[in-house]
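See below for the structure under consideration.
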Amino acid sequence: MAAITLENLTKTYAGGVTAVSGVDLDIADGEFVVLVGPSGCGKSTLLRMIAGLETVSAGAVRIGAREVNRLEPAERDIAMVFQNYALYPHITVRQNLSYGLRNRRIPKDEIARRVGEAARMLEIGPYLDRKPRALSGGQRQRVAMGRAIVREPAAFLFDEPLSNLDAKLRVSMRGEIRALQKRLGTTSVYVTHDQLEAMTLADRLVVLRGGRIEQVGTPLDVYRNPVSTFVAEFIGAPAMNLLPAQIAQERLRLPCGAAVAVPSCLLPRAEGPVTLGLRAEDLRLASPEDAAFHADLSHVEELGSQRLAHLRLSGHSLVAAFDKGVALSDRLALAFAPEAVHLFDARTGLRLGAP
Ligand SMILES: Nc1ncnc2c1ncn2[C@@H]1O[C@H](COP(=O)(O)OP(=O)(O)OP(=O)(O)O)[C@@H](O)[C@H]1O
C-alpha cells in the first residue's frame with residue numbers, strides 16, 4: 001500500500017488539446033479518492049497517467065516514495081479495473097484471476113491461496129471454472145475486481161467500473177467495492193461522471209473542470225460548501241437552484257422583487273448583482289405572512305419518499321423538495337433559513353463570503 005502524489009501534472013495531446021493542467025494532489029495511504037466531473041474534464045486522462053497508460057507532458061506522479069513517470073504500467077505496482085472488464089474470453093475465471101500472477105512467477109500454492117481468498121471475498125467461487133461469457137455483467141465485474149485484488153497492489157485504479165451495469169446492480173456493487181476497499185485498506189482512485197456514485201464512495205472528492213481541480217473535499221463538505229456555481233450544480237441531485245439576485249442595503253433582493261435578510265458574513269463588500277444558491281431541501285412551505293417569496297407550481301415529480309415541486313419564479317425555474325404527502329397548491333408561499341443561502345459572484349461564479 002502507498003500514498004500517491006501528483007505534482008503539477010499536465011497532459012497535452014499531440015493535437016494540442018491540454019486535457020489535464022497543473023494538477024497537484026496528495027492521496028493518503030489507504031484513502032479512497034474519487035475523480036468526478038462532466039464528460040471531457042480530463043478525469044480518465046488523469047487516471048491513465050497514474051496508471052502509466054498515458055505519458056506525462058509535465059509534472060510528476062509518485063506512488064509511495066518512487067517517481068513513476070518513466071515506469072511501465074506493469075512496474076508501477078497498481079491494478080486497474082475497467083468499465084469493459086477486460087477479461088480474457090477464452091480462458092476460465094480461475095485462469096483469468098491467476099494469469100498475471102503466473103506471469104510474475106509467483107509460486108503455485110501462493111497463487112492458489114490468493115485466488116481462493118479473492119473468490120471467497122467476492123463470492124465467485126461457483127464460477128471459477130466457467131468462461132467469462134457464461135457470466136452476467138455483475139459477475140464479470142466481480143471477476144475484474146478479483147483480478148485486481150489477487151495482485152495485492154499498492155493501489156487500485158478504477159475507470160468507471162460500474163457504468164455497464166443496470167441501476168440496481170450499480171448500487172449494490174458500489175457498496176461492495178466500498179466495503180472491500182475498507183477491508184483491504186488499499187489506496188484507491190476511482191473515476192466516474194456520476195455524482196451520486198462519487199458522493200457515496202469517496203473519502204474525498206476531486207471535482208475536475210476543464211482539466212483543472214475545481215474543488216477537493218469530503219463529499220459532505222463539497223455538498224455543503226461548493227466553491228463555485230459549477231460545483232454547486234454538479235454535486236447534489238436535484239442540482240442546487242441558482243437565481244440572479246441583487247444585494248442592496250444588506251438585504252438580498254430576489255428576481256420577483258422580494259427582499260430578505262442575509263447573514264452579514266456572506267455579504268460581498270460591494271452592493272450589486274450576485275447569484276443566489278438554494279438547495280431544494282432548504283426551501284419550505286410558509287404561511288403567507290412569513291413567506292420570503294411566492295412561486296408558481298409547474299409540475300410535481302413523485303419520488304415515493306419525497307415530492308419534488310418544479311416551480312417558476314419570475315421566469316426562472318427552481319425545484320423544492322418536500323416530504324411525501326405534503327399538499328401543494330398552484331401557487332406556493334416559500335421560505336428558507338438565512339443559513340441556507342449560498343452566494344456566488346454573478347460574474348465569476350465563485351463563492352462569496354465565509355463557508
Ligand atoms: N488521445 C487523445 N488525443 C487527443 N485528445 C484527447 C485524447 N484523449 C482525450 N482527449 C481529449 O482530452 C480531453 C479530456 O478527455 P478525457 O477522456 O480525459 O475526459 P473524461 O473527463 O474522462 O471524459 P469522459 O467522461 O467523457 O470519458 C477531452 O477534450 C478529450 O477530447
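Numbering of ligands and ligand atoms starts at 1, following listing order.
Protein heavy atom closest to atom 5 (N) of ligand 1, with residue, atom name and distance, is Tyr13 CD1, 3.3 Å. Protein heavy atom closest to atom 23 (O) of ligand 1, with residue, atom name and distance, is Gly40 N, 2.8 Å. Here the protein heavy atom with the shortest distance to atom 26 (O) of ligand 1 is Ser39 OG, 2.6 Å. Regarding atom 30 (C) of ligand 1, its nearest protein heavy-atom neighbour is Val17 CG1, 4.9 Å.
Taking the charged nitrogens against the carboxylate oxygens, Lys182 and Asp203 do have a contact shorter than 4.0 Å, which makes a salt bridge. The pair Glu302-Lys324 fails the salt-bridge criterion, with no side-chain N (NZ, NE, NH1 or NH2) lying under 4.0 Å from an Asp/Glu carboxylate O.
If you number the atoms of ligand 1 from 1 as listed, the ones under 4.0 Å from a heavy atom of Ala19 come out as 12 (O), 13 (C), 14 (C). Near Thr45, meaning under 4.0 Å from one of its heavy atoms, ligand 1 places the atoms 15 (O), 16 (P), 18 (O).
There is no side-chain donor-acceptor pair under 3.5 Å between Thr192 and Lys43. Side-chain contact of Arg174 with Thr200: a donor-acceptor pair under 3.5 Å is present, judged by distance alone.
Using a 4.5 Å cut-off between side-chain heavy atoms of Ile, Leu, Val, Met, Phe, Trp and Tyr, with links allowed through other members, Leu285 and Phe293 fall into the same hydrophobic cluster.
At a heavy-atom distance under 4.0 Å, no atom of Ala14 approaches ligand 1. When non-hydrogen atoms are compared, ligand 1 lies under 4.0 Å from the backbone of Lys43 as well as from its side chain.
Of the candidates Ser44, Gly211, Pro38, Ser44 brings a heavy atom nearest to atom 22 (O) of ligand 1.
For Gly15, the heavy-atom gap to ligand 1 stays at 4.0 angstrom or more.
Taking 4.5 Å as the limit, every side-chain heavy atom of Leu208 sits out of range of all side-chain heavy atoms of Val36.
Checking each of Ile50, Leu6, Thr10, Asn69 against Val56 for a side chain to side chain contact (heavy atoms under 4.5 Å, CB included) leaves exactly one that passes, namely Asn69.
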